[in-house]
Amino acid sequence: MPELPEVETVRQTLRQLVLNKKVTDVTVLWENIIKLPLESEAFRQELIGQTFKEINRKGKFLIIEFDDISMVSHLRMEGKYGVYPAEEPMKKHTHVIFQLDDGTELRYNDVRKFGTMHVFKKGEEINQKPLSLLGPDPFDDSFTLDYFYNRLQKTQRTIKAVLLDQSIVAGLGNIYVDETLFRAGVHPERKANLLSRHQAESVRQAAIDTIEEAIQQGGTTIRSYVNSQGQIGMFQQRLFVYGKEEEPCKSCGTPIEKIKVSNRGTHYCRHCQQ
DNA sequence: CTCAGTACCTGGTTGC
DNA sequence: TGCAACCAGGTACTGA
């Protein structure tokens with residue numbers, strides 16, 4: 001489901017629902033979601049008694065901060081958080097339940113069970129996998145042209161594969177990579193090391209603009225994404241190529257094509273993106 | 001080391 | 001209608 005703009009929208013909405021509430025118990029119904037501690041009972045014990053202090057985000061990861069610990073949570077394709085009265089019936093795909101001290105429950109729902117949760121001692125999360133593997137967010141000061149061009153020079157992979165690589169820039173996924181490359185006028189199969197510095201700057205700026213606009217719009221809803229208050233995103237109205245195969249390019253009218261790049265469905269305009 | 005392929009899951013859609 | 005194959009906002013692991 002979510003890329004950076006959707007995770008940011010979840011962060012903002014979830015924050016309002018749980019801040020200052022205390023976890024009184026935890027139920028884990030699908031063990032594989034819990035990656036650290038290794039045993040879900042230890043995970044439960046770490047969380048009981050902890051109060052939600054802040055929710056941050058890096059790339060596509062939520063960083064849920066409590067008194068003494070931080071929980072790093074990735075929604076992967078379909079993960080969702082919601083807060084419900086304890087008496088509300090469970091949905092089919094609810095896998096982790098955090099009981100709160102005001103009679104509500106924070107529930108993690110995930111049809112495909114791909115999501116992950118890691119608990120760390122507060123402050124240690126940033127130096128440990130998975131967060132330690134991430135590059136800068138697109139709008140971070142450290143995502144400079146010098147940095148980006150240098151990384152592009154070092155690989156023979158396609159520009160699409162590079163933009164999907166979270167260790168280079170964090171937060172772009174399949175939708176925003178396709179949109180970024182369209183806006184930059186760069187073909188997704190171009191070899192990264194063959195882009196000019198000027199083209200690298202076009203891609204860098206397009207990534208920043210696309211992500212910032214999408215956050216503004218509350219993310220993109222293609223099939224199932226909703227924020228923690230159950231609302232859909234609006235950025236799908238501004239997509240140029242993702243999911244637009246066979247429709248005319250908004251810039252030149254040429255039909256948008258869909259191909260496979262890096263094993264992912266890839267949408268582009270053969271006229272506008274060379 | 002770099003990178004392509006595959007595993008992890010379920011459900012909706014497509015095509016015979 | 002039935003059913004297999006394919007596809008999906010992602011990442012970690014394997015091994016060439």
Side-chain angles (χ1 to χ4, degrees), chain A residues 1-11 29-36 38 57-62 72-81 91-96 108-118 128-135 138 151-181 189 191-193 207 210-211 213-215 217-227 231-246 258-267:
Chain A
M1 168 200 34
E3 307 180 33
L4 189 157
E6 292 75 42
V7 178
E8 176 60 18
T9 307
V10 168
R11 183 188 79 77
L29 299 171
W30 188 260
E31 305 273 335
N32 288 351
I33 290 172
I34 312 304
K35 301 300 182 185
L36 197 76
L38 270 30
R57 178 198 54 71
K58 179 154 176 57
K60 302 172 193 172
F61 289 87
L62 289 169
V72 175
S73 172
H74 198 302
L75 307 174
R76 292 289 178 95
M77 301 291 266
E78 305 254 9
K80 293 169 187 59
Y81 281 105
K91 291 182 184 168
K92 184 174 177 190
H93 298 291
T94 298
H95 306 306
V96 185
Y108 178 73
N109 197 277
D110 188 344
V111 169
R112 293 175 72 179
K113 303 175 175 169
F114 280 0
T116 61
M117 298 180 189
H118 292 76
Q128 304 278 141
K129 285 196 280 192
L131 295 186
S132 62
L133 299 176
L134 297 179
R151 294 297 299 259
L152 295 186
Q153 291 289 98
K154 287 182 180 156
T155 179
Q156 311 188 59
R157 297 146 83 199
T158 62
I159 184 64
K160 168 137 186 173
V162 170
L163 290 176
L164 286 170
D165 183 342
Q166 304 294 300
S167 74
I168 293 176
V169 58
L172 304 203
N174 208 32
I175 294 178
Y176 296 113
V177 166
D178 284 2
E179 294 299 310
T180 292
L181 289 172
E189 288 178 300
K191 298 295 176 191
N193 57 332
T210 303
I211 293 294
E213 240 179 85
I215 291 172
Q217 296 300 310
T220 303
T221 298
I222 300 295
R223 25 197 309 265
S224 66
Y225 166 72
V226 291
N227 68 29
Q231 302 155 328
I232 65 170
M234 284 296 142
F235 191 73
Q236 59 276 16
Q237 295 171 358
R238 305 215 190 171
L239 297 174
F240 290 102
V241 290
Y242 187 88
K244 308 291 188 189
E245 54 269 33
E246 306 192 5
K258 183 172 181 183
I259 58 174
K260 257 213 163 47
V261 182
S262 234
N263 228 7
R264 310 292 301 275
T266 298
H267 315 73

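Side chains are part of it too, since the values below use all heavy atoms of this structure and drop only hydrogens, waters and symmetry mates. Proteins get letters first, then strands, A, B, ... in listed order; numbering begins at 1 in each.
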query: Is it true that A:Arg151 and A:Asp165 make a salt bridge, defined as a side-chain N closer than 4.0 Å to a carboxylate O?
result: no
Between [N] atom [atom2] and [X] atom [atom1], what is the distance in whole Å?
| X | N | atom1 | atom2 | value |
| --- | --- | --- | --- | --- |
| A:Leu29 | B:dC9 | CG | P | 15 Å |
| A:Arg112 | C:dC6 | CZ | P | 16 Å |
| A:Ile33 | C:dA12 | CD1 | P | 16 Å |
| A:Arg151 | B:dC3 | CZ | P | 11 Å |
| A:His74 | C:dA12 | NE2 | P | 7 Å |
| A:Leu75 | C:dA12 | CG | P | 14 Å |
| A:Glu31 | B:dC9 | CD | P | 13 Å |
| A:Tyr176 | C:dA8 | OH | C1' | 16 Å |

Any side-chain N or O of [X] under 4.0 Å from OP1/OP2 of [N]?
| X | N | result |
| --- | --- | --- |
| A:Asn32 | B:dC8 | no |
| A:Thr155 | B:dC3 | yes |
| A:His93 | B:dG11 | yes |

Out of [options], which nucleotide sits closest to the side chain of [X]?
| X | options | result |
| --- | --- | --- |
| A:Lys92 | B:dC9, B:dG11, C:dT11 | B:dG11 |
| A:Arg157 | B:dG11, B:dC3, C:dA8 | B:dC3 |
| A:Lys113 | C:dT11, B:dT10, B:dC3 | B:dT10 |
| A:Lys60 | B:dC9, C:dT11, B:dC3 | C:dT11 |
| A:Tyr242 | C:dA8, C:dG10, B:dG11 | C:dA8 |
| A:Pro130 | B:dC3, B:dC9, C:dA12 | C:dA12 |
| A:Arg76 | B:dC9, B:dG11, C:dT11 | C:dT11 |
| A:Gln156 | B:dC8, C:dT11, B:dC3 | B:dC3 |
| A:Lys260 | C:dC7, C:dG10, B:dC9 | C:dC7 |
| A:Lys258 | B:dT10, B:dC3, C:dA8 | C:dA8 |

message: Taking the nucleotide of DNA chain B with the nearest heavy atom to each, does A:Lys154 or A:Asn263 sit closer to the 5' end?
response: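 That would be A:Lys154.
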query: Mind checking whether A:His95 and A:Trp30 have parallel, tilted or perpendicular rings, split at 30° and 60°?
result: tilted
Would you say [X]'s side chain and [Y]'s backbone share a donor-acceptor pair under 3.5 angstrom?
| X | Y | value |
| --- | --- | --- |
| A:Glu6 | A:Tyr225 | no |
| A:Ser132 | A:Lys129 | yes |
| A:Arg76 | A:Glu78 | no |

Spacing of the P atoms in B:dG5 and C:dC7 (rounded, Å):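 One P to the other, the span is 14 Å.
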message: I'd like the P distance from B:dC9 over to C:dT14, given in whole Å.
response: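 Here C:dT14 and B:dC9 have their P atoms 15 Å from each other.
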message: Both distances below 3.5 Å, Watson-Crick or wobble geometry, any strand: find the nucleotide opposite C:dA16.
response: B:dT2
message: For the aromatic rings, using the six-membered ring if either is Trp, is the centroid distance between A:Tyr242 and A:His267 under 6.0 Å?
response: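 Yes - the distance between ring centres of A:Tyr242 and A:His267 falls below the 6.0 Å cut-off.
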Touch class at under 4.0 angstrom, heavy-atom based, for A:Ser262 against every strand present: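 It contacts nothing in the nucleic acid.
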- prompt: Is it the case that A:Ser73 and A:Tyr81 place a side-chain donor and acceptor less than 3.5 Å from each other?
  reply: yes
- request: Determine if A:Phe114 stacks with B:dC9; use a centre-to-centre distance below 5.5 Å and an interplanar angle below 30° as the criteria.
  value: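 Given the distance and angle limits, no, they do not stack.
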